[in-house]
Amino acid sequence: MKNNIYISIVGHSNTGKSSLVNFICNNYVTTESNKPQTTRVNLIHEVNYKENKFFLYDTPGISLKNTDLLSSAMKNSYIKTLEFTNFLIVMMDVNSKDFQYEQSIINLAKDHNIVIIIVVNKIDLLKDKNELIKIKNKIQTQFAHSIHLISVKTKEGITELLDMIKNSSINSNTNNASTEVSVAQMKLSIQEIIRGVINDKAHGEVPYDTAVYVEKCQISKALIKIEGIIAVEKLNQKKIIIGKNGLMIKEIGIKSRSWLEKIYNKKFYISLEVVVKKNWKNNYEFLKEIGYID
Ligand SMILES: Nc1nc2c(ncn2[C@@H]2O[C@H](COP(=O)(O)OP(=O)(O)OP(=O)(O)O)[C@@H](O)[C@H]2O)c(=O)[nH]1
Ligand SMILES: [Mg+2]
């Protein structure tokens with residue numbers, strides 16, 4: 001029987017959490033970009049790894065820049081995963097200097113039965129490899145947990161990390177959460193995948209001002225039918241997303257369909273409508289509907 005292992009990945013924005021999850025899933029399942037605050041909601045990904053089933057939770061990282069309701073909901077959303085996760089990957093990058101936020105996460109996790117692993121990403125950025133040992137020693141003075149150095153870019157250290165999780169999972173309690181990825185979770189993932197495609201295509205403030213809401217999701221054996229809304233803040237953003245003669249929105253639909261079909265291994269039918277929804281980031285009801293707030 002397969003062992004179900006829950007792994008939650010937390011840490012500052014831009015440290016590479018989604019990149020790591022992407023790499024592990026070997027799919028384009030999470031939104032990745034240079035813009036911080038890309039991930040807005042906890043997203044679950046299911047992967048088989050050497051006789052185990054890993055449930056990976058990609059969580060939003062904090063960035064102190066924004067003060068809207070959406071940002072404050074994002075700031076704490078990782079806490080929900082502490083209830084049932086077996087492993088907590090606290091992600092930082094080689095240039096991290098202040099560990100206060102990471103310490104506060106670990107303090108919260110202490111009350112739960114969770115194995116904590118500090119993962120330092122982006123070691124490829126170091127020109128002098130002798131620096132690695134110094135960095136590891138410095139971080140080790142701050143934390144009593146094991147520290148793993150990785151680079152998602154060059155793939156260094158990732159197999160070792162996954163093997164370590166697999167090997168130490170034998171004694172962990174793995175029966176806390178449901179083993180089914182729910183329709184609600186699936187809707188969230190679909191929303192974020194479509195948002196990822198928009199991020200790739202649009203620039204400037206459009207990605208941050210855009211939300212995707214799956215209004216209807218009909219699942220049958222071979223087909224998933226999606227009716228979605230793309231909400232933006234301003235009329236000119238709506239025009240950008242629709243594009244000249246509707247070309248952009250068409251491309252967004254095609255690209256999203258191709259990712260989704262690859263990930264879920266089913267046919268997708270997607271219809272998208274763009275609406276201007278002013279100040280949606282502070283609209284409690286809308287954030288709730290979209291799944292950004294419980
Ligand atoms: N050089 C280098 N860049 C990386 C590495 N891993 C990720 N990145 C880059 O770091 C940036 C942020 O990566 P994300 O995976 O979106 O970061 P995140 O932690 O999910 O960010 P939030 O969702 O905002 O919390 C992207 O531009 C990645 O390409 C790495 O190993 N080396
Ligand atoms: Mg992310």
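In listed order, ligands and their atoms are each counted from 1. Numbers here are sequence positions counted from 1.
- Between the Mg ion (ligand 2) and S18 there is an N/O/S contact shorter than 2.8 Å.
- Between P60 and ligand 1, not a single N/O pair is under 3.5 Å apart.
- No cation-pi contact links K166 to Y49, judged by a cut-off of 6.0 Å to the six-membered ring centre and 45° from its axis.
- For the 3.5 Å distance criterion, the side chains of T85 and S8 fail to qualify, holding no donor opposite an acceptor.
- Residue L125 approaches ligand 1 through these ligand atoms, each under 4.0 Å from one of its heavy atoms: 1 (N).
- I147 and L132 fall within the same hydrophobic cluster, where Ile, Leu, Val, Met, Phe, Trp and Tyr residues are linked whenever their side-chain heavy atoms come under 4.5 Å apart, directly or through other members.
- Where the criterion is an N or O separation shorter than 3.5 Å, residue side chain and backbone included, G11 fails it with respect to ligand 1.
- Considering backbone and side-chain N/O of V152, one or more are found under 3.5 Å from N/O of ligand 1.
- Considering backbone and side-chain N/O atoms, N121 comes within less than 3.5 Å of an N/O atom of ligand 1.
- A continuous path of ILVMFWY side-chain contacts below 4.5 Å connects V120 to L125, so both sit in one hydrophobic cluster.
- Between the Mg ion (ligand 2) and T59 there is no N/O/S contact shorter than 2.8 Å.
- With hydrophobic clusters built from ILVMFWY side chains whose heavy atoms lie under 4.5 angstrom apart, M248 shares a cluster with V276.
- Less than 6.0 angstrom separates the ring centroid of F84 from the ring centroid of Y57.
- Of the N or O atoms in T59, none lie within a sub-3.5 Å distance of an N or O in ligand 1.
- Counting only heavy atoms from C-beta outward, the side chains of I241 and V206 approach each other to under 4.5 Å.
- Each of the following atoms of ligand 1 lies closer than 4.0 Å to a heavy atom of D124: 1 (N), 2 (C), 30 (C), 31 (O), 32 (N).
- In summary, the atoms of ligand 1 found under 4.0 Å from a heavy atom of K17, numbered by their order in the structure, are 15 (O), 17 (O), 18 (P), 19 (O), 20 (O), 21 (O), 22 (P), 25 (O).
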